[in-house]
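Numbers here simply count residues along the sequence, with the first being 1.
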Amino acid sequence: MENNHTGLLYEFLIQLGVENNNEHLQYVIEISVFVTLICACIVLGHLLEETRWINESITALILGCCTGFVVLITTGWTSSHILEFNEELFFIYLLPPIIFNAGFQVKKKQFFQNFAAIMLYGIVGVFISFAIISAGCAFMFPKLNIGNLEMRDYLALGTIFSATDSVCTLQVLNQNDTPLLYSLVFGEGVVNDATSIVLFRAVQKFDITSMSSMTAVHILGDFLYLFFTSTVLGVSTGLLSAYIIKTLYFGRHSTDREIAIMALMAYLSYMIAELFYLSGILTVFFCGIVMSHYTWHNVTERSRVTTRHAFATMSFIAETFIFLYVGMDTLDANKWKTADTSASFCAFGVIMLLVFIGRAAFVFPLSALSNYARRTPGTKINARKQFIIWWAGLIRGAVSIALAFNQFTISGKTMNAENATVISSTIMMVLFSTVVFGIMTKPLIALILPHNLSYASENSETSSPKVEDLDTDIQNPFLANGEHEDGSVVVYGLLRRSSLSMLLHAPTSTIHKLWRYFDNSYMRPVFGGRGFVPCVPGSPSRGDVDGPLENPFIA
């Protein structure tokens, strides 16, 4: 990060007799102001917790805008930043804890039950959206005199605005109230971000001037290689951490070592992926899933409580930091002076329209395709849920900002009017979508999907270890004898599937049973997990933990 002016505060501290060590004092002031702002966001977020209109992301964004305005005044209308944006800072330090915690805390049963739909949205959907946005920008921008961009820039815009904001999704959707929607929208967001970044790097790497019919095949092959390699790396690192902790059992000597090895190995998986130009997002996400399935059950009870809250805290601070900066960057005077204002608003309108069309072009058709494979009515994605999925995915966030800065700036500064126009329109898109769509998503869900209906219609998961291993039919509430729409028969309170329904459900059920058998017979004896870790005398027990331990993880 580069130093910037902090105006009156710097002069005031010098007058108080603080030693005039320019570089050190400047850095301390910048960090102090940002920490103060994060604390203010926490307080305001707590005060606004009960409202359904404002979430903490929007609070941080608005507070960042207000702070940027104050900084802009104190610096004589030259800069709105306390710290300069650096995409490397975002990708290396801020994004990993957010994505890892998402994988660590995700309800795995819901995620993998909807895995096919998530992959359709997050991979196929990105390619459809990328094609529509790129082609639309290439067609509309020259007609509206929006800059003089090259074909590579148009392709980059397609990847930049195909990336949804999975960070804001964490706060506008509730995992317990709408588990199916949360699983689909957030799962798609993570895979979507990874796909967009991989596709962005593929576009940068290929020579656009010598494109041929095989270029698309090469891009697709490169993407598939990066996708599966990144996933395997994340799973392998998670399994290695589980094996190390299970074998050495650090907890008998120090719970600090358990926590440290989990955090460091998760971060190591991300850095190894970035080192070999893989998708760090996918790697750390699947590393979090594997760690919650195996590693987390191998540590002591005290370490379980600590890791759960420590990872969530790091993720929360990183999210708040990102939205604070985006709010400040909205008022960056240098970009607005360089950019063509009218062209920026035109570009914003065109991009917004293309994002609407691009998302609708894959959400509704792919949902229909997914429903074709869903035989149980309660698991189908009906029209109301499809609309929510389309709406929630319109939010653009920090990934779009980072990719735009990577493509159209040099060290965070724009060199010409065309690039400044694209950057300013990107900031407008992120600000508008986060505030408007973020504010309206919760009320929209409450209007379209009332709490009692949305919760009852989805197969929500229980956190009790004793219940979650039972067959789903046993978990169903007692019902009167009757027949469901799909032909399933209810006898003495239990749901009995019809012969046709059982036949259609058999492949999924068989795969699940085979995985459970393989996991219990081969994986857990080696890597540990719930019920496969021996009790070591002297290790902390459940009674050593203050209060009851809530287990959010699903085997």
Side-chain angles (χ1 to χ4, degrees), residues 52 106-107 109-133 161-166 168-193 195-196 352-397 433-434 436-460 484-486 504 508:
R52 65 179 185 177
V106 73
K107 291 187 176 181
K109 185 176 179 181
Q110 278 285 342
F111 179 81
F112 286 106
Q113 277 181 343
N114 299 294
F115 189 75
I118 289 171
M119 292 297 109
L120 281 176
Y121 292 146
I123 298 178
V124 179
V126 167
F127 278 90
I128 294 174
S129 179
F130 162 73
I132 291 175
I133 294 174
F161 292 105
S162 294
T164 61
D165 184 16
S166 56
C168 195
T169 303
L170 292 170
Q171 298 181 10
V172 298
L173 292 176
N174 189 289
Q175 186 168 206
N176 295 318
D177 292 344
T178 55
L180 177 59
L181 276 178
Y182 182 94
S183 175
L184 290 172
V185 176
F186 174 68
E188 178 221 340
V190 174
V191 178
N192 176 296
D193 287 348
T195 305
S196 299
M352 177 67 71
L353 177 63
L354 292 173
V355 168
F356 282 178
I357 297 173
R359 184 151 185 87
F362 75 82
V363 167
F364 299 108
L366 294 181
S367 296
L369 180 61
S370 176
N371 284 337
Y372 183 76
R374 294 170 181 260
R375 305 300 178 179
T376 306
T379 63
K380 287 185 180 293
I381 309 171
N382 59 36
R384 294 184 177 187
K385 293 176 183 176
Q386 290 176 33
F387 181 81
I388 296 296
I389 292 171
W390 172 79
W391 178 272
L394 294 174
I395 301 174
R396 297 296 178 265
S433 63
T434 301
V436 175
F437 300 143
I439 286 176
M440 296 180 64
T441 298
K442 283 185 178 180
L444 196 64
I445 293 175
L447 177 65
I448 296 178
L449 296 173
H451 176 75
N452 57 338
L453 295 178
S454 64
Y455 188 80
S457 63
E458 300 172 8
N459 293 327
S460 59
H484 280 258
E485 295 178 3
D486 64 342
L504 294 173
T508 304

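Of all heavy-atom pairs between Ile381 and Tyr121, the closest is CD1-OH, 3.6 Å. Between Thr164 and Asn192 the shortest heavy-atom distance is N-OD1, 3.1 Å. Residue Ala392 comes nearest to Val185 through the heavy atom pair CB-CG1, 3.9 Å, listed as atom of the first residue, atom of the second, then distance. In this structure, Leu394 and Ser433 approach most closely via the heavy-atom pair O-CB, 3.7 Å. What you find for Gly358 and Ile132 is that their closest heavy atoms are CA-CD1, 3.8 Å.
Among pairs with a residue in residues 354-371, those fulfilling salt bridge (charged side-chain N to carboxylate O under 4.0 Å, His left out) read Glu188-Arg359, at least two apart in sequence or across chains.
For Ala360, the side chain to side chain contact (heavy atoms under 4.5 Å, CB included) criterion is met by Phe364, Trp390, not counting sequence neighbours. In this view, Arg396 satisfies the salt bridge (Lys or Arg N to Asp or Glu O under 4.0 Å) rule with no residue, not counting sequence neighbours.
Distance check, rounded to the nearest 0.5 Å: CG of Leu184 to CD1 of Ile389 gives 4.5 Å. With values rounded to the nearest 0.5 angstrom, Leu353 atom CG is found 10.5 Å from Ile133 atom CD1. Between the CH2 atom in Trp391 and the CG atom in Leu444 there is a gap of 6.5 Å [rounded to 0.5 Å].
A distance-only check finds a donor-acceptor pair linking the side chain of Thr441 to the backbone of Phe437 [under 3.5 Å]. Distance alone, capped at 3.5 Å, places no donor-acceptor pair between the Ser129 side chain and the Ser162 backbone.
At least one side-chain heavy atom of Phe387 sits less than 4.5 Å from a side-chain heavy atom of Ile448. Within the 4.5 Å cutoff, the side chain of Ser196 has heavy atoms near those of the Val126 side chain.
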